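For reference, the structure discussed in these notes is given below.
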Amino acid sequence: MPTPSHLSKDPHYFDFRAARRVPETHAWPGLHDHPVVDGGGAGGGPDAVPVVDMRDPCAAEAVALAAQDWGAFLLQGHGVPLELLARVEAAIAGMFALPASEKMRAVRRPGDSCGYGSPPISSFFSKCMWSEGYTFSPANLRSDLRKLWPKAGHDYRHFCAVMEEFHREMRVLADKLLELFLVALGLTGEQVAAVESEHKIAETMTATMHLNWYPKCPDPKRALGLIAHTDSGFFTFVLQSLVPGLQLFRHGPDRWVTVPAVPGAMVVNVGDLFHILTNGRFHSVYHRAVVNRDSDRISLGYFLGPPAHVKVAPLREALAGTPAAYRAVTWPEYMGVRKKAFTTGASALKMVAISTDDAADVLPDVLSS
């Protein structure tokens, strides 16, 4: 039994460190319905997770292949200093090591988008996940984190400074990767410039950061760090510690592929709104996070998406003579669709798809208010 903590009566808190077994509240059925394979693939086999090096002159072709076939890839040559990534990981570990009473000051209550607690997606499921998380907006970082450190002080200032530095680097990288994605769609340099001039995708992209701690687990075969899902936005950078745990779902045959923990590399996941933006040419990836018996794991998701009021639909330049497959939706509208999909077991993307007959009447556009 988990040893009761002084916060054991709070339904938002579970003392993972004291757990000696996985309680029924955290036990997930069906975790082993599909085999798990190693995505390291030193020989470059069919299960080797694609690698994109941004320094490679052929990076756009590599992005196109990875986004079309996998919806995800390992990103190297991204230019974010490795010593900064190490400081980010250390800062996250330090935050989650805070006493429970301090973390609970920032607990994310129903309806809140930022704060400490279980992954936001957990509200759709009856089982609990073997993880803790903290979500904040880089635009409001210092005010959001005052919930955790109400008196500010050295730890607050240090944590904020590291995350602000990381955000600045990642925002530059996001713009570069967006351009690479557009080139990967087959757009010329002039077309990329025209798309940005008309739609201002890079200029208006918003960022959200979600920090994750996956504690070591006494029975990892029964627990799950993060339920299988697709990301909702444009694309996500995942920074993970050198403990594998992220898995991507692949068909033919159905299997889970474990993403290798490569020093200095980030994982890029294509999200649902980017799937829509590219008319399905670059598809979003179904993924989950597992836990293990011996080691804690830390990750950071840096999520990019459109402003809340902006409608997203397939880019004209991505259609290549085919009809638009999806109707225009705002991010909040799509999150409402996802909520229905989670509760019914349906596909959110299929719920916003349009029929072939209707497609001829749809004028594709993106980022229109």
Side-chain angles (χ1 to χ4, degrees), residues 50 52 54 59-75 78 121 170-171 173-187 191-192 195-196 198-210 229-238 246 248-249 266-287 301-320 322 324-335 337-338 341 347-354 364-368:
V52 173
M54 295 188 74
E61 290 94 328
V63 166
L65 290 172
Q68 290 167 4
D69 189 32
W70 284 74
F73 49 87
L74 283 162
L75 186 67
H78 46 67
I121 199 174
M170 294 304 297
R171 200 58 187 79
L173 177 58
D175 290 351
K176 292 178 180 178
L177 185 60
L178 174 63
E179 182 176 350
L180 199 57
F181 270 125
L182 294 176
V183 173
L185 280 172
L187 276 64
Q191 288 175 316
V192 170
V195 166
E196 182 57 28
E198 180 180 359
H199 303 300
K200 296 179 172 52
I201 303 174
E203 182 180 320
T204 61
M205 272 197 307
T206 61
T208 303
M209 293 171 67
H210 185 74
H229 66 288
T230 56
D231 294 338
S232 62
F234 281 158
F235 51 90
T236 308
F237 294 97
V238 181
L246 177 63
L248 311 176
F249 191 70
M266 298 184 194
V267 184
V268 175
N269 292 334
V270 174
D272 288 347
L273 291 184
F274 213 66
H275 184 118
I276 293 171
L277 186 74
T278 63
N279 208 37
R281 290 175 59 185
F282 296 166
H283 70 82
S284 54
V285 61
Y286 198 54
H287 58 283
Y302 187 88
F303 298 84
L304 281 305
H309 68 283
V310 167
K311 285 188 176 292
V312 176
L315 277 171
R316 290 186 181 88
E317 292 81 358
L319 295 179
T322 61
Y326 303 95
R327 63 179 175 85
V329 289
T330 64
W331 201 350
E333 287 171 349
Y334 187 70
M335 292 303 291
V337 172
R338 268 169 60 99
S347 162
L349 282 171
K350 288 182 178 179
M351 292 169 72
V352 297
I354 55 180
D365 202 353
V366 62
L367 297 186
S368 56

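Below, each value reflects all heavy atoms present in this structure, side chains not excepted, and no hydrogens, waters or symmetry copies. Quick note: residue numbers are just sequence positions, from 1. Small disclaimer: the values here were computed from a predicted structure and weren't measured.
- Atoms CG and CG, from Asp175 and Leu180 in turn, are 12.5 Å apart once rounded to the nearest 0.5 Å.
- Between Ala348 and Ala341 the shortest heavy-atom distance is N-CB, 3.7 Å.
- Proximity of Phe73 to Leu65: side-chain heavy atoms (C-beta onward) are nowhere separated by under 4.5 Å.
- Once rounded to the nearest 0.5 Å, the distance linking NE2 of His283 with CG of Leu349 reads 11.5 Å.
- In terms of heavy-atom proximity, Ala67 sits nearest to Val270 at CB-CG2, 4.3 Å.
- Here the side chain of His275 pairs a donor or acceptor atom with the backbone of Ser284 at under 3.5 angstrom.
- Without hydrogens or angle criteria, Glu317 side chain to Val192 main chain gives no donor-acceptor distance under 3.5 Å.
- Residues Val310 and Thr204 fail the side-chain proximity criterion, which asks for heavy atoms closer than 4.5 Å.
- Looking only at side-chain heavy atoms (C-beta outward), Leu74 and Pro50 stay at 4.5 Å or farther from each other.
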Given side-chain contact (heavy atoms from CB on, under 4.5 Å), test Thr230 with Arg338 step by step and report yes or no.
CA-CA 10 Å; Thr230 56; Arg338 268 169 60 99; 3.5 Å; yes
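- In this structure a side-chain-to-backbone donor-acceptor pair under 3.5 Å is missing from Arg171 to Ala207.
- Within the 4.5 Å cutoff, the side chain of Leu273 has heavy atoms near those of the Pro306 side chain.
- Remark: Ser232 engages Trp331 in a side chain to side chain donor-acceptor pair (under 3.5 Å) (not counting sequence neighbours).
- Aromatic rings of Phe181 and Phe274 (six-membered ring for Trp) have centroids within the 6.0 Å cut-off, being under it.
- Going from atom CG of Leu304 over to atom CG of Leu173 covers 9.0 Å, rounded to the nearest 0.5 Å.
- Scanning all heavy atoms of the two residues, the minimum distance from Ile354 to Ala324 falls at CD1-O, 3.1 Å.
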Would Phe237 and Val268 count as a side-chain contact (heavy atoms from CB on, under 4.5 Å) here? Give the steps.
CA-CA 5 Å; Phe237 294 97; Val268 175; 3.9 Å; yes
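- Judged by distance alone, the side chains of Asn269 and Thr236 never bring a donor and an acceptor atom under 3.5 Å apart.
- Minimum interatomic distance between Ala59 and Val52 (heavy atoms only, all atoms of both residues): O-CG1, 4.1 Å.
- Nearest heavy atoms, Ala202 versus Glu196: N-OE1, 2.9 Å.
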Going through the distances and angles, do Val285 and Phe249 end up as a side-chain contact (heavy atoms from CB on, under 4.5 Å)?
CA-CA 7 Å; Val285 61; Phe249 191 70; over 6 Å; no
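- Counting heavy-atom neighbours within 6.0 Å of Glu179 CD, excluding the residue itself, gives a total of 12 or less.
- For the side chain to side chain donor-acceptor pair (under 3.5 Å) test, no residue two or more places apart in sequence or in another chain qualifies with His78.
- With values rounded to the nearest 0.5 angstrom, Phe235 atom CZ is found 5.0 Å from Leu178 atom CG.
- The shortest heavy-atom contact between Ala184 and Val63 is CB-CG1, 3.8 Å.
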Evaluation steps, side-chain contact (heavy atoms from CB on, under 4.5 Å), between Tyr326 and Val312:
CA-CA 9 Å; Tyr326 303 95; Val312 176; over 6 Å; no
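- Between the CG atom of Leu182 and the CG atom of Leu187 there is a distance of 6.0 Å, given to the nearest 0.5 Å.
- Here Arg327 contributes atom CZ and Tyr334 contributes atom OH; the two are 10.5 Å apart, rounded to the nearest 0.5 Å.
- Considering only residues two or more places apart in sequence or on other chains, His229 meets the side chain to side chain donor-acceptor pair (under 3.5 Å) condition with Asp231, His287.
- The main-chain N or O of His309 is never found under 3.5 Å from a side-chain atom of Thr330 such that the two would form a donor-acceptor pair.
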